[in-house]
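Step one of this worksheet: look at the structure below.
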Amino acid sequence: MSRTYKPVKWRKPILTLNHQRDIVLSLLFKLWRNKKLPFYWTLGPCLSFIVFLPSLVTYFSGEDFIFINFASSGHAFFEPSQNLFYRPLPNIFWQFDYNVWHLNASGYHFTNIVIHIVNTFLIELLVLSISSNKTIAVFACLLFAIQPIHTEPVVWLSGRPDLLATLFFISAFLSGLKFFRTNNWKYYLISVLSFTLSLLCKESGIGFPIIFFLILVTGYRQRFPQKLIPLVIKFIPYFLIIAIYIVVRIIVLGGLGGYAQESTSILGVIWNLTLGLWLPLLFPINLESAGLVISLVTAGLFGIAYIWVFFPFPFKTVNHTKHNILVGVLIMYGTILPALTVAPTGRNLEQSRILYLPSVGFCIVLASLFHLNSNKSSDSMNYKAKKEGNFFGKIKPHTHSKIKFVLIMLMYIICLIIAIIPWIHAGDTVEETFILLKKSGLPIQSGDTVYYQSLPDSYHGAYVWRNGINEATKLLIKPGVDGFHRTDDLIIDYKRAAQSKIWFIQYGLTQKPITLHLSSSYSITNPSISNINDNNFDKDTKWSFAQCDTDGWILDPVDKKIECQKSSGILFNVMKEESNLLIRSPIINASGTELQLSLESYVYYNFQQPQIEAELTLKDSNGNPNFQQTFQLAADGKNHIYQFQIKNYDMSNNQKQIFIKITNSRSNILLQSARIQLNQIGVKS
């Protein structure tokens with residue numbers, strides 16, 4: 001008898017999606033109505049919430065389940081399987097999210113959006129601290145709020161380390177500036193602590209002491225008067241924190257780990273330092289999602305916008321603007337250094353999360369240049385236009401500047417929408433993967449293994465099932481069930497069939513909605529996956545090869561030898577060379593709405609070829625295929641039963657024939673029995 005499948009019980013989240021939305025809107029509205037708080041301070045946070053609001057309805061992406069699985073088991077501080085990185089603090093946030101939201105994806109996205117909103121607000125405070133210019137602060141804040149390259153770290157939950165590292169990095173910067181302005185040691189301790197927390201989120205903030213020191217000694221000695229030697233002494237604790245962090249990292253990981261283990265050529269490093277850093281920030285377009293035509297048009301509009309904004313460029317700049325640009329450049333390059341060995345951001349904005357913290361500096365640079373140009377060149381251009389009597393002569397200089405900025409912001413919003421769409425589609429695919437598996441009603445039990453076939457790795461830069469399929473199986477199907485993404489180079493562990501069942505699940509992603517069916521199931525101790533027994537089979541639909549009685553089956557080897565082994569079956573001797581075999585069943589009168597085929601075979605053990613490609617095809621009497629499925633024969637020297645369920649085939653022609661094709665086999669194959677059951681759904685037999 002088949003075992004009963006019990007779906008996972010979903011815990012009701014503490015806050016629903018509507019509650020999350022209402023809380024944020026209420027807080028933002030209160031900030032907006034607060035008379036003590038300048039109105040412009042709320043523009044960036046409000047805009048960042050609005051543009052990323054669609055992510056609340058996005059499901060998890062594959063790798064998210066890794067962190068959720070550790071959080072569900074109470075091991076959120078550090079996960080030993082992720083031995084390339086030491087990022088314990090984000091894992092504590094995962095623990096918090098799991099306890100509050102359980103498996104409600106919108107709650108996790110809500111947390112990411114809140115962190116991004118806080119970062120947007122902190123950037124405005126940072127620019128005000130270094131420049132005291134409200135216009136530059138607002139420009140930088142708005143640019144950061146909707147920068148399209150932020151789609152991956154904000155919408156992809158596993159990009160949370162970048163969000164948190166940026167939050168504590170800016171906090172360390174702000175509190176450090178406050179200390180050197182007021183000499184209040186409370187802010188110094190907050191700065192050191194924030195820097196430590198930034199390192200515990202992601203290693204991208206490790207250059208903070210050098211960046212901060214260079215900023216103080218190059219441009220802000222007058223605003224923050226400090227003698228050089230005392231200034232150096234005050235930076236010693238920062239470097240002690242780095243030393244302790246490196247020691248702990250080596251102890252935990254057994255080495256430095258991280259990006260240093262990835263091999264990138266010197267040309268790749270040079271690219272990341274130059275165009276690889278600037279191009280995604282200047283032209284944040286997901287080329288795969290947008291398509292060729294839209295990408296070219298968008299890139300052209302960006303180019304025109306930059307030319308219109310910055311030319312004629314005022315080469316004589318005031319000192320405070322130079323200092324702002326210097327701060328932005330130092331932040332950009334100081335925070336990208338730990339990731340120089342990583343492959344650059346792709347044309348689909350993949351890996352753009354590594355640019356989240358550097359984009360803080362980019363937004364400061366862009367806002368400073370924009371403000372500088374609007375003050376220097378806009379007046380002269382408007383004066384000339386007014387003299388010539390054209391349209392721009394009727395526009396005030398400040399209005400002219402705002403129009404330029406709004407156009408760039410509109411371009412950002414368009415690119416952001418293009419970048420978010422793949423993540424929504426990827427989340428739907430991940431969710432549909434397990435919805436279909438649960439609906440299939442397969443009696444999957446703890447100890448079983450599921451191999452998922454035809455699942456996508458990513459979609460237009462959005463991660464789907466690159467990682468996390470095993471953890472998702474444990475969380476969404478049943479604890480103790482292992483799940484693997486079936487790829488061509490994956491060595492299947494058929495030894496699992498001796499203890500439990502191996503399931504091969506095939507997904508059809510080219511159809512809408514996507515489909516799922518059982519490819520095959522391997523088992524030794526309990527091969528039955530349904531109520532199939534010998535009494536349910538008619539004699540015309542059951543064949544045993546044990547006595548070499550094929551009853552109409554035709555075996556067509558290619559220049560190889562078929563032998564009959566009494567009491568064992570039909571032996572296909574491949575003579576230790578690659579060979580093909582085609583097995584054709586007799587004509588079947590398929591009057592039922594469902595076919596169930598069971599094929600029993602034995603393949604000699606082959607270390608070099610642990611599985612053999614095979615294909616099952618159902619054709620009608622006219623040779624038209626009604627069903628086709630690839631599967632693998634286990635070459636582990638054990639008996640196996642392969643079972644298939646064929647549904648929704650063309651019933652206009654009841655005369656059917658089954659073809660089993662075995663390709664490129666280098667192992668002898670012994671066929672023992674085959675049987676077919678015709679099920680008339682809803683009709684008692």
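We number each residue from 1, following the sequence as shown.
- One distance of note links CZ of F169 with OG of S194; it measures 11.5 Å at 0.5 Å rounding.
- Atom CD1 of residue I331 and atom CD1 of residue I130 lie 6.5 Å apart, to the nearest 0.5 angstrom.
- C201 and P161 get closest at one heavy-atom pair: O-CB, 3.4 Å.
- By the neighbour-count criterion of 12 heavy atoms within 6.0 Å, atom CD1 of I210 is sparsely surrounded, having that number or fewer from other residues, nucleotides or ligands.
- For the pair D162 and L357, the minimum side-chain heavy-atom distance is 4.5 Å or more.
- Between F60 and Y108, the ring-plane angle classifies as perpendicular under the 30° and 60° cut-offs.
- Distance check, rounded to the nearest 0.5 Å: CD1 of I146 to NE2 of H116 gives 9.0 Å.
- Of the possible polar contacts, one joining the Y306 side chain to the L282 backbone as a donor-acceptor pair under 3.5 Å is found.
- Side-chain contact annotation: T111 with D97, donor-acceptor N/O pair under 3.5 Å present.
- With H485 contributing its side chain and N467 its backbone, the two residues share no donor-acceptor pair below 3.5 Å.
- Put simply, the side chain of N112 does not reach to within 4.5 Å of the side chain of S55, judged on heavy atoms.
- For the atom pair OG of S359 and CG of L366, the computed distance is 11.5 Å after rounding to the nearest 0.5 Å.
- Just one of F239, Y245, F195 meets the ring-ring contact (aromatic ring centres under 6.0 Å, His included) condition when paired with F208; it is F195.
- Between F212 and Y238, the angle of the ring planes goes over 60°, which puts this pair in the perpendicular group of the 30/60° scheme.
- Between F144 and Y356, the ring centre distance stays below 6.0 Å.
- Between F302 and F283, the two ring planes are perpendicular [angle over 60°; tilted spans 30° to 60°].
- With contacts defined as side-chain heavy-atom distances shorter than 4.5 Å, the pair L355/Q147 does not qualify.
- In this structure, the side chains of L326 and I215 stay at 4.5 Å or more apart for every pair of heavy atoms.
- Within the model, atoms CZ of R466 and OG of S61 stand 11.0 Å from one another, a figure rounded to the nearest 0.5 Å.
- Ring centers of Y463 and W423: under 6.0 Å apart, within the cut-off.
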